[in-house]
Each structure stands twice: as structure tokens, then as C-alpha cells.
Amino acid sequence: MNKKIVALLLLLLATLPLSGCWDNNEPERMLYLNGIGIDYKDGRYELYAQIINFANTAKSEQPTSDETSQAEVGHASGMSLDEAVFELYHSVDQKVNWGHLSYLVFSEEALQQVKLSPVLDIFIRYRETRYQIWLYATKDPVEEVLLIRPVVNKAIILSKLGDPRNSYEQESFIKPASIREVLINMNEPNHETLIPFITIAENWKSIKETIKAPVISGATIVSPDDFKGFITGEKARGIRWMTNDTKRSNLTVRTENGNFISVVLENIKVKINPVMIKGEAKFDIDIYADGIIDIITETIKPAEIEKLLKEIVKEQIAATYEEALKMDADIYRLSEQLYRKNVKEWKRLQKDGKIELTDDSIRNINITIGKLSSNKKTFERTVE
């Protein structure tokens, strides 16, 4: 009798560890969010949620079928973002998992009408989401952005929006911005930061159809409580030369003969030195870069190429700076440089973390082209 009771007690004890799995969620009974679009119309938040189909993406980097949709987009609205999220829950079949959320896209209206910082707080306070969520802004409908599928039907979790670092390393135009980096930048002087601005382009085609793709077209300038605006196209080109995060970027210059030379600049190193002159803060900028010549259409000396490169880089830096000044934006974070290197003068000059900048706040831009090489070790045309 005693042996039976002991055996029963041991059996009960053995079942106790199993209780830890009883409340786990079964993967097949979950829906996984990959992207969120946020719009704002008529005093209401418009939420778009991109749910990915892991059955078509998880087995390999290449989806198994062109016919099966990789993602679907749901929509809900509410007076608050939380209300919109819970309204969305009314139309989903299973529990929604936020742990795979990769990116957020804000419409222009949302940035104008809604303060960015409280919106980001909602996502980082939720226990399932991560800080490594990429941020974008667009003037196009955010629903269309979320419906874009990757070129050649690659897995949507590896799309440009969900995984932007690979393409940035090949062409460093506007640096990808994660929630973590945006919060750090907005917490430090000048309390402004940049978010990539994307547009939808139909510049890819297959035999069956024209394919839409998101294009990084410029930068969005935001602060915790304000939206400054967009800098796009040629006016945004100076941003890439003012950050040490730039990996490589192309520059095409025109020679005196009207021909073009394409050079890839890499190993960018930037130093910004504040200088006090008669009580005003001025800034000297030193930029170092190596150049690799890709396309050359005439015989030209390296010194001439260097001169052309320096001129165009200076022009682009100045053009971007002037465009940002029109928005009262400190796009090169000059206020932070003064804060780091001369906090006494920064305290005297700052207002809400920013110092007043003028057209001549940048005193000098010194550019050094350390190495100028060609893959074929010649600066002459291959075929005359």
C-alpha cells in the first residue's frame, strides 16, 4: 500500500514541470506582424498592419511559390493608436505576435499632426517589440508601401524596408534609422534626427507585370514634438559626406571638356571643429575620403580629378545645409559638436538645445582625397 502511494506521489511530482508549457502559444495559431503604416486623417489614427505568411518564407530565403501571397495588409482606425490596434484585433483570426515587427512607415499627415515621441513610446513599451525597428516616412499612401513585394519575389523579411543595411553598405545615401538611434539623437542636442524618406517607383518589370519598389529619395527631419520637413533628391546629397557611417557612394563630375567621370568615394572620415569668433560659433569641417575611378571618358590627371571632386562635395554639403536652414533645422548636428567640445559656450548660446545657425556658420570645408585609384591602375581611356 505504502509503495503505491509513494509511486503515485512520484508520478504527480513528475508531471509538475510540464505545467510550464501549458500556457505557451502555438506558432501555427499566431499571426506575425512585419510592418506597420501610420496615417492620420480627420482626427483619427489610420493603422495599416502587414501580416507575413511564414509558411511561405520561413523555410528558406526564397519563397516557395509566386502564387502564394507573402503578406497581407489589414486596416483599422481609432482616436488613439492603441484604439486602432485593438480595433484591428476585431478582424484577425488568431493572436497577433509583435516580436517580428521590422519597420514603421509614417505618412506626412501623421508626422504633421502627431508628435513622434509618444507614438514611438507605444512600440518600445510593449514587451514583445524590439528597439531595432526601422523608421521611414513617405508622401505616398502607406497602405501601398506595405503592399510592395520584394523584387524577384525574395522573402519579404529581407526586403529593403525590413533589412536596409545591406543596400546602405553598397550605396550610402541616407543612413537607416532604428527606433533606438532616433531616440538617442532626439535626446541629445540638437534634439533633431533624420528618418529616410521613401517614394514608390515602378522601375522594375517582369514578364508578367511592372513591379513597384520603395526608393530612398531623401531625408525627413523630425524632433520629439515637431516635423521640420523633407529634403529630397540632389538637395539631400550632402548628408552622405557628413557622417562617418557612410560606407561608399558614387559621385559623377563633369570635366572642362564636358565629359563625365564617375568615382566611388569610400572610407569617409569627418571631423567638425567649433571655433568661437567674436562670441559666435563657427565650424571648420575636415573630410577625408578615398576614391576609386569607375568611368573615365578622357585622359585626365589625378590632380584635376581631385580638384573636381572637392568642388562638387563642397557644393553638395553647402546646398543641403542651406536647404535645412530654410526649415530651421540643424541637419549636420553642429549644436551637438559645440555641446561636446565647448559646453560652456553651448550653454551661453543654446535655446532648447540648439544654437542659432546662419548662412556663414560653416567657416571652412577642407576635403582630402587620400587615395585616388583605378581598378585598372590607369586614368586613360581603355579604348580610343
Side-chain angles (χ1 to χ4, degrees), residues 21 23-39 45-78 81 84-107 122-123 126-136 138 140-167 176 178-179 196 198 200-215:
C21 303
D23 60 349
N24 270 4
N25 296 306
E26 299 175 44
E28 67 273 18
R29 293 184 180 277
M30 304 284 286
L31 294 174
Y32 297 91
L33 274 174
N34 186 54
I36 289 285
I38 300 171
D39 198 358
Y45 288 83
E46 303 291 332
L47 177 79
Y48 297 89
Q50 183 193 59
I51 304 285
I52 53 175
N53 181 5
F54 265 129
N56 202 30
T57 61
K59 292 181 180 179
S60 68
E61 293 182 354
Q62 189 73 28
T64 54
S65 170
D66 287 346
E67 303 299 327
T68 306
S69 173
Q70 288 195 60
E72 293 177 353
V73 176
H75 169 251
S77 66
L81 193 57
V85 170
F86 278 80
E87 187 67 26
L88 183 73
Y89 290 156
H90 295 177
S91 62
V92 295
D93 301 317
Q94 304 290 343
K95 189 175 180 180
V96 175
N97 184 295
W98 292 74
H100 292 267
L101 181 61
S102 298
Y103 66 91
L104 301 175
V105 181
F106 293 89
S107 72
I122 292 173
F123 290 97
Y126 189 53
R127 64 182 182 278
E128 289 183 358
T129 52
R130 305 162 295 170
Y131 282 83
Q132 190 77 327
I133 297 172
W134 305 107
L135 302 181
Y136 304 94
T138 185
D140 293 319
V142 291
E143 183 180 20
E144 284 190 32
V145 175
L146 267 64
L147 285 170
I148 291 174
R149 69 168 176 81
V151 177
V152 298
N153 205 28
K154 290 282 286 184
I156 201 165
I157 55 176
L158 301 177
S159 70
K160 187 179 187 68
L161 299 182
D163 185 15
R165 287 169 294 189
N166 270 346
S167 59
S178 68
I179 284 184
I198 56 173
I200 299 174
E202 295 186 8
N203 57 339
W204 292 86
K205 286 185 179 179
S206 69
I207 295 176
K208 297 178 182 176
E209 59 183 343
T210 300
I211 301 169
K212 295 180 179 178
V215 178

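One-based numbering along the sequence shown. Hydrogens, waters and symmetry mates are skipped; everything else that's a heavy atom, side chains included, is used.
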Tyr48 side chain vs Val142 backbone, donor-acceptor pair below 3.5 Å: no
Minimum-distance pair of heavy atoms, taken over all atoms of Ile198 and Asp140: O-OD2, 4.4 Å
Flag if over 12 foreign heavy atoms under 6.0 Å of OH, Tyr89: yes
Closest non-hydrogen atom pair, Ile156 against Gln70: N-OE1, 2.7 Å
Shortest non-hydrogen contact between Glu46 and Ser77, atoms and distance: OE1-CB, 3.4 Å
Aromatic ring pairing Tyr126/Trp98, orientation class (parallel under 30°, perpendicular over 60°, tilted between): perpendicular
Contact summary for Pro150 and Ala155, nearest pair of heavy atoms: CG-O, 3.9 Å
More than 12 heavy atoms from other groups under 6.0 Å of OH on Tyr131: no
Electrostatic pair Lys95-Glu128, nearest N-O below 4.0 angstrom: no
Residue Gln132 excluded, over 12 heavy atoms near CD under 6.0 Å: yes
Residue among Val145, Val215, Thr138 satisfying side-chain contact (heavy atoms from CB on, under 4.5 Å) with Ile200: Val145
Nearest atoms (heavy-atom pairs only) where Leu146 meets Gly37: CD2-N, 3.7 Å
Validation row: Ile51, Leu33 side chains within 4.5 angstrom (heavy atoms): yes
Minimum heavy-atom distance Trp134-Pro164, with the two atoms named: NE1-CD, 3.4 Å
